[in-house]
Protein chains: 2
Amino acid sequence: MATRTPRIYDVARSARVSIATVSRVANGTARVYERTEARVRRAMERLGYRPHALARGLATRRSHTLGLLITDILDPYFAEIVRGAQERAESAGYVVLLGDASVHTSAEDLLVKRLLERRVDGLIVASSRTTDAYAAQLASEDIPVVCINGPLGQFAHAVQIDHRKGARLAVEHLASLGHTRIAHITGAVGVPTRQERLAGYRAALKDLGLSYDPSLVIAGVTSIADSHDAVAGLLGLAAAPTAIFAFNDRWAIGAYAAVRDAGLRIPADVSVVGFDDLEMDEWVQPALTSVRQPRREMGRIAADVLLAVLAGESASELVVVEPSLVIRGSTGTRRAHADRH
Amino acid sequence: MATRTPRIYDVARSARVSIATVSRVANGTARVYERTEARVRRAMERLGYRPHALARGLATRRSHTLGLLITDILDPYFAEIVRGAQERAESAGYVVLLGDASVHTSAEDLLVKRLLERRVDGLIVASSRTTDAYAAQLASEDIPVVCINGPLGQFAHAVQIDHRKGARLAVEHLASLGHTRIAHITGAVGVPTRQERLAGYRAALKDLGLSYDPSLVIAGVTSIADSHDAVAGLLGLAAAPTAIFAFNDRWAIGAYAAVRDAGLRIPADVSVVGFDDLEMDEWVQPALTSVRQPRREMGRIAADVLLAVLAGESASELVVVEPSLVIRGSTGTRRAHADRH
DNA sequence: CTGTTAGCGCGTTCAG
DNA sequence: CTGAACGCGCTAACAG
């Protein structure tokens with residue numbers, strides 16, 4: 001019996017009602033007599049009816065799909081955001097369609113094109129590569145967009161961590177341990193948040209009465225290997241830093257390797273603080289002190305804002321999330337004789 | 001100018017042709033005069049036409065969407081599979097819809113229901129929780145399914161790594177370093193691949209003339225913490241193992257912690273081998289020796305098989321992928337005095 | 001409360 | 001080579 005998957009019409013016939021009634025009970029769109037409803041439900045059950053989301057979307061002009069733009073699903077930072085967004089979306093009967101920039105060799109707008117063709121109802125932009133021009137283009141599409149940790153003021157809705165405060169937490173922690181020469185490995189050029197964190201770093205130094213040394217700030221790092229090289233360079237300096245604040249945990253790991261290669265130890269010789277608080281932080285040796293970013297919650301909030309907009313409710317334009325410092329084994333007091341030169 | 005996103009009808013009118021012609025040039029479905037085609041293309045360009053994937057899917061009975069069932073996107077093992085599948089799907093104009101079991105609090109079949117409602121054209125099942133009953137249910141749906149590292153013989157198409165060989169590689173390596181008491185932390189009960197790897201472990205021991213000691217095989221481990229506890233127990237044994245072969249890298253990391261807690265060192269006192277070859281393996285201390293599983297390629301292959309089936313081509317029922325051993329710093333020769341008791 | 005009917009946007013015969 | 005018309009499966013008025 002090659003019974004195709006049943007349509008709404010099949011259910012209607014089987015329950016001896018019109019397709020409109022079936023639709024009504026399927027969506028709870030209008031009142032239906034208890035008895036007819038029961039009949040319909042039984043028919044749906046018997047036939048194993050599954051509403052056709054595409055057809056429904058065509059009629060409703062709602063795909064019940066959220067687009068989520070990320071840079072790389074292999075990066076735990078993004079993976080957690082995805083998780084959070086999916087959790088929230090799921091609870092509202094929505095599905096999220098991933099646009100992973102690293103999957104496409106071509107330009108990133110092809111990615112967006114794919115999502116828009118799919119008629120996603122809204123878009124969450126978490127990709128860290130969003131240039132201003134790109135952002136403007138996105139914003140001009142007529143679907144709601146909410147941006148996570150992106151450029152400020154480019155999108156109608158945004159959720160951000162307080163980058164400055166996060167950087168400040170790191171620097172203050174290191175300073176409290178006696179460190180005065182604190183290096184900073186910043187984000188890749190083009191990553192919108194790098195300026196914010198750098199600003200926080202500088203502000204904290206200033207407030208603590210520490211001098212800002214440009215030679216201790218390394219930019220242009222785009223990989224763990226890059227970070228390794230950058231830190232190797234720093235450690236070779238005449239006035240080498242005794243502490244390193246990395247833009248994220250992955251680059252902190254690159255720093256780990258460089259410190260080891262230099263025959264030094266963490267935290268005895270060099271303290272390291274990362275940013276993100278990934279799961280692996282607890283398992284690396286020594287465990288990595290890091291600025292925690294509630295990524296999953298941020299994904300959830302972004303989805304929440306989007307769903308609110310879609311529901312016609314008013315939604316906050318900017319949600320700022322609080323960072324916190326998770327102190328582990330990679331930071332320690334600066335030893336008196338630690339300045340090697 | 002609140003110009004809505006244009007429909008095929010708008011393009012047709014603007015190019016002074018019928019929608020049928022627009023459809024033809026959009027899909028290359030039939031020959032069209034060069035001149036008319038040019039007119040149509042210009043109109044599409046001018047209006048910024050984007051075909052409506054839902055409507056197209058409704059008419060074609062093809063959603064151009066692949067469903068991908070996984071256990072947890074936060075687990076790098078699955079993330080890489082996703083990546084591979086997406087890459088392949090993308091190149092064919094398909095999109096992949098993620099069904100993440102850890103997102104749903106409810107039963108897993110709700111997950112499948114969501115995907116089927118979306119009318120995915122095919123399904124890749126990579127979730128490690130697939131029970132036999134569940135598999136049977138999935139297979140009974142009338143869409144093609146390909147399974148990654150799942151139970152054998154349950155699905156029409158499968159791609160697997162050679163689990164036995166992988167386990168054998170690990171055991172042979174350890175044995176070659178002089179280890180005779182090699183423990184195995186197996187997969188969680190219900191994970192279909194655990195039996196295979198366990199079998200490989202036992203077969204290798206036998207071939208090497210080593211005795212099989214049931215007390216060195218720990219089952220029921222489902223988390224890094226579990227693994228930690230299991231290994232702690234092993235190390236407390238009168239005849240403690242000098243080497244540990246873990247079901248996956250995450251649990252190997254749990255073993256790391258237990259070894260440290262016991263005041264022992266890796267690899268001096270205990271050697272550890274993992275399975276998967278995750279990125280972090282290179283960054284943990286010492287770097288983890290692991291059986292490499294080409295996860296991304298497996299995802300790609302799975303998508304490939306699925307697309308072939310969808311294209312009506314014949315596709316291989318079973319693709320077996322080769323594992324390889326990546327030797328790093330966590331394995332070393334067994335010291336003569338290593339047996340502590 | 002329920003059935004009829006007209007689209008949603010597009011692919012696809014079938015004539016011309 | 002091109003256009004008119006129907007149908008994909010479902011929702012949303014509009015009558016009844």
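Reckoned from all heavy atoms, side chains included, excluding hydrogens, waters and symmetry mates. Proteins get letters first, then strands, A, B, ... in listed order; numbering begins at 1 in each.
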Taken to the nearest whole Å, CG/A:Leu58 to P/D:dG7 is 17 Å
Terminal helix-axis angle for the helix from C:dC1-D:dG16 to C:dG16-D:dC1, with five pairs defining each axis and rounding to 10 degrees = 40°
Close residues, residues 32-54 of chain B, relative to DNA chain C [heavy-atom separation under 4.0 Å] | B:Tyr49, B:Pro51, B:His52
The reported gap from CD in A:Gln293 to CD in A:Gln160 (rounded to nearest 0.5 angstrom) is 9.5 Å
Assign each of B:Arg119 and B:Ala30 to its nearest nucleotide of DNA chain D by heavy atoms, then name whichever residue's nucleotide is nearer the 5' end.
-> B:Ala30
Which nucleotide in the set C:dG11, D:dA12, D:dT11 lies at the smallest distance from any side-chain heavy atom of B:Ile8?
-> C:dG11
Checking D:dT11, C:dG9, C:dT13 against the side chain of B:Arg24 (C-beta onward), the nearest is C:dT13
Are any side-chain N or O atoms of B:Asn149 and backbone N or O atoms of B:Ile161, one a donor and one an acceptor, separated by less than 3.5 Å?
-> yes
Nucleotide nearest B:Ser23 (side chain, heavy atoms from C-beta), chosen from C:dT12, D:dG3, D:dC10 = C:dT12
Side-chain contact check for A:Arg31: nearest option of C:dC1, D:dC10, C:dG9 is C:dC1
Listed nucleotide nearest any side-chain atom of A:Ala59, set D:dG9, C:dT5, C:dG11 | D:dG9
N/O donor-acceptor pairs under 3.5 Å from side chains in residues 39-46 of chain A, not counting sequence neighbours:
| residue | atom | partner | partner atom | Å |
| --- | --- | --- | --- | --- |
| A:Arg39 | NE | A:Ala15 | O | 3.0 |
| A:Arg39 | NH2 | A:Ala15 | O | 3.2 |
| A:Arg41 | NE | A:Glu37 | OE2 | 3.1 |
| A:Arg41 | NH2 | A:Glu37 | OE2 | 3.1 |
| A:Arg46 | NH1 | A:Ser14 | OG | 2.7 |

How long is the span from the CD atom in B:Glu80 to the CZ atom in B:Arg300, to the nearest 0.5 Å?
-> 9.5 Å
Among side-chain atoms of B:Ser63 and B:Arg61, is any donor-acceptor pair under 3.5 angstrom?
-> no
With respect to the side chain of B:Thr21, which nucleotide from C:dG3, D:dT2, C:dG9 is positioned closest?
-> D:dT2
Would you indicate what A:Val17 reaches in the nucleic acid, counting non-hydrogen atoms under 4.0 angstrom: base, sugar-phosphate, or nothing?
-> sugar-phosphate
Closest listed nucleotide, where the reference is the side chain of B:Arg61 and the choices are D:dG3, D:dC8, C:dG9 = D:dC8
